[in-house]
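Data block below; observations after.
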Amino acid sequence: GRYRLLGTARCDKVEGPPKDADGTEHGGVRLCVDDQRSEKLFGDTNWKPLVCEFEVSEYQRAVELRLELRAMAGRAWFRLDTLQIEKVPD
């Protein structure tokens, strides 16, 4: 089924690494589940909800949940009391 990882994060002076040659921006503050990612936060961002949708198609498959800060500089906070996983209705 389909699921969502939800959580709230904020950041302070977060600077990501340089963009790729094709302009792709890497890094930032985000939620990740396996290869799926939420939107990224950069710079100075107050508390903001993040959502990462993912699919589990095999029974009892292990998934990797990550709260990421990938940056050249800055700090990030995640509110642990906001972290939850919910099933997406069919």
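Atom CZ of Arg75 has 12 or fewer neighbouring heavy atoms from other residues, nucleotides or ligands inside a 6.0 Å radius. Crowding of Arg79 atom CZ: a count of heavy atoms from other residues, nucleotides or ligands under 6.0 Å not exceeding 12. More than 12 non-hydrogen atoms from other residues, nucleotides or ligands lie less than 6.0 angstrom from CG of Asp22.
The distance from the CH2 atom of Trp77 to the OG1 atom of Thr45 is 11.0 Å, given to the nearest 0.5 Å. Separating the CG atom in Leu41 from the CG atom in Asp12 is a distance of 12.5 Å, to the nearest 0.5 Å. Rounded to the nearest 0.5 angstrom, Leu65 CG and Cys32 SG are separated by 10.0 Å. Going from atom CZ of Arg66 over to atom CG of Leu31 covers 10.5 Å, rounded to the nearest 0.5 Å. Going from atom CD of Glu55 over to atom CZ of Arg2 covers 5.5 Å, rounded to the nearest 0.5 Å. Taking CD1 of Ile85 as the reference point, atom NZ of Lys87 lies at 12.5 Å (rounded to 0.5 Å).
For Phe78, the ring pair (Phe, Tyr, Trp, His ring centres under 6.0 Å) test picks out no residue, with sequence neighbours left out. Judged as a side-chain hydrogen bond (donor to acceptor under 3.5 Å, both in side chains), and not counting sequence neighbours, the contacts of Arg30 are Glu68. Scored by the side-chain hydrogen bond (donor to acceptor under 3.5 Å, both in side chains) test, Arg70 finds no partners at all (sequence neighbours excluded).
With Lys40 contributing its side chain and Glu25 its backbone, the two residues share a donor-acceptor pair below 3.5 Å. When atom types are taken as modelled, the side chain of Asp34 and the backbone of Glu64 share a donor-acceptor pair closer than 3.5 angstrom. Judged by distance alone, with hydrogens and angles left aside, the side-chain atoms of Thr82 form a donor-acceptor pair with the main-chain N or O of Thr8 at under 3.5 Å.
A continuous path of Ile, Leu, Val, Met, Phe, Trp and Tyr side chains, each step under 4.5 Å between heavy atoms, connects Leu83 with Val63, placing both in one hydrophobic cluster. Follow the hydrophobic side-chain contacts under 4.5 Å out from Val33 and you reach Val56 in the same cluster. Under the 4.5 Å side-chain heavy-atom criterion for ILVMFWY residues, no single connected hydrophobic cluster contains both Val88 and Leu50. The hydrophobic cluster containing Trp47 does not contain Leu5, counting ILVMFWY residues as joined when their side-chain heavy atoms lie under 4.5 angstrom apart, directly or transitively.
The two residues Cys11 and Gly43 have their closest heavy-atom pair at SG-O, 3.3 Å. The shortest heavy-atom contact between Val29 and Ala76 is CG2-CB, 3.6 Å.
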